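Every chain is numbered from 1, with letters handed out A, B, ... down the list of sequences. Everything numeric in this text was worked out from a predicted model, so none of it was measured.
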Protein chains: 2
Amino acid sequence: MKDKKTEISIAVIKRLPKYYRYLGDLLDDKIVRISSNELSEKMNITSSQIRQDLNNFGCFGVQGYGYNVQRLYEEIKKILGLDKAHNVIVVGGGNIGKAIINYQGFRKRGFNFTAVFEKDSDVIGQRINGVEICSIDNLEEFLKNNHVDIVALTVPSKSVYNIYKTVINYDIKGIWNFTQIDLEGTENIKVESVHLTDSLMTLSYKIHEEDILKRYRQ
Amino acid sequence: MKDKKTEISIAVIKRLPKYYRYLGDLLDDKIVRISSNELSEKMNITSSQIRQDLNNFGCFGVQGYGYNVQRLYEEIKKILGLDKAHNVIVVGGGNIGKAIINYQGFRKRGFNFTAVFEKDSDVIGQRINGVEICSIDNLEEFLKNNHVDIVALTVPSKSVYNIYKTVINYDIKGIWNFTQIDLEGTENIKVESVHLTDSLMTLSYKIHEEDILKRYRQ
């Protein structure tokens, strides 16, 4: 039995969605069971890493049999909280906001987009993939009267802090942060950031790493 | 002197863009120097972590003075390879493709978008933020005749593998992968992925973590 207080490392957490995706693909291919070696090869993760990761949550494999794909898929679904539905609102109706509302994969996983809030009065009242575009002026009223789990923030930097200060007053559970600003969570509100600029800069680093290390480490 | 072969950990690499952003903000605010303690507070990273991270690339701080903001900014710019320009093409002209082409911050950092390739014949010949939308049928010819550093991939899953197989035959340096498919790099081509589905699932995990750990660790 593990210590209940042991935290799961962020590296393990980041791999869980990948397990879930690969197991979903195996199910689509009607694969009933898989050994940790086979899963390892498919996912490019060592089999001992897979066993270690999953052992954080219990014992899912059977010696000599491997993993039952359906069972492991369902367990990881629960671990990721995807057995529950989540209401999501999007603040900012630009290209990123549109992209996430239009992507059907999120709905399949129980994320329901209930409204998008926008400053640009020309588009208010229109719909994106069935989701109504509301005025940003009605954001607080909406949060007061509707159950919202997740706020996806896709606004320009100058608007971030005001919106952040507003939404954390309500009973939301998470902020999905696409802005250029690093946001802190609170005790009850978790933050997950998608930082496109950092990602492109990281790619640039990787491209030049060999030269850079030569230069700095002579 | 460090071992030239020592690799920089991915955690350090991921923090470099953050240093670069914060130092850029300090420069905008006309701050000339900063102690590692002040930088630590601003960035929510311990000052010993900051010193360790930067020591991977040389000695940038001066005892009792701290860091010269301009100098450290310029050094990290070089470490990130941002002192060089990069030509980027976008394959897939949907909302994500549009979002990255429209974001001015990338251009400011030397990423020049030179073309976007799209299957939808209705939009071919149009422009997004000045960048011409070309037919996907002309992708190979473009790669043959133009210098391309980075391919941003924003196409649906079913098209990924064919495009990947095509582009890795050319002298590109990196793939910025927005697709649902995990891609491997080659010896000469680095991959950096932005996986929106994984990110939303990670947020869901964080939201439910306390309950999940209670359930699995009794």
Which of [options] touches chain B most, by non-hydrogen pairs under 4.5 Å:
| options | result |
| --- | --- |
| Leu200(A), Thr197(A), Ile207(A), Ile79(A) | Leu200(A) |
| Ile96(A), Val194(A), Ile13(A) | Ile13(A) |
| Lys190(A), Lys173(A), Lys14(A), Glu209(A) | Lys190(A) |

With only heavy atoms counted, which part of [X] is less than 4.5 Å from chain B, the side chain, the backbone, both or neither?
| X | result |
| --- | --- |
| Gln180(A) | both |
| Leu16(A) | side chain |
| Asp211(A) | neither |
| Lys18(A) | both |
| Ile189(A) | neither |

Per-residue contact mode, [X] against chain A (heavy atom under 4.5 angstrom):
| X | answer |
| --- | --- |
| Leu203(B) | both |
| Glu75(B) | both |
| Glu184(B) | side chain |
| Val191(B) | backbone |

Apply side-chain contact (heavy atoms from CB on, under 4.5 Å) to Val12(A) and Asn56(A), showing your working. CA-CA 9 Å; Val12(A) 177; Asn56(A) 280 297; 3.9 Å; yes

Report yes if the distance between the aromatic ring centroids of Phe106(A) and Trp176(A) is under 6.0 Å, otherwise no. yes

Would His208(B) and His86(A) count as a close aromatic pair, with their ring centres under 6.0 Å? yes

Checking [X] side chain against [Y] main chain: does a donor-acceptor pair fall under 3.5 Å?
| X | Y | answer |
| --- | --- | --- |
| Thr179(A) | Ser157(A) | no |
| Asn102(A) | Ala99(A) | no |
| Asn87(B) | His147(B) | yes |
| Ser193(A) | His195(A) | no |

Indicate yes or no: does Lys84(B) engage Asp149(B) in a salt bridge with an N to O separation below 4.0 Å. no

For the pair Asp53(B) and Arg15(B), find out whether any cationic side-chain nitrogen is under 4.0 Å from an anionic carboxylate oxygen. yes

Under 4.5 Å, counting heavy-atom pairs only, tell me which of [options] racks up the most with chain A.
| options | value |
| --- | --- |
| Pro17(B), Gly58(B), Gly110(B), Ala11(B) | Pro17(B) |
| Arg109(B), Met43(B), Arg21(B) | Arg21(B) |
| Asn44(B), Ile100(B), Ile10(B) | Asn44(B) |
| Ser199(B), Ala152(B), Gly81(B), Gly97(B) | Ser199(B) |

Take the angle between the ring planes of Tyr73(A) and Tyr20(A) and call it parallel below 30°, perpendicular above 60°, tilted in between. parallel

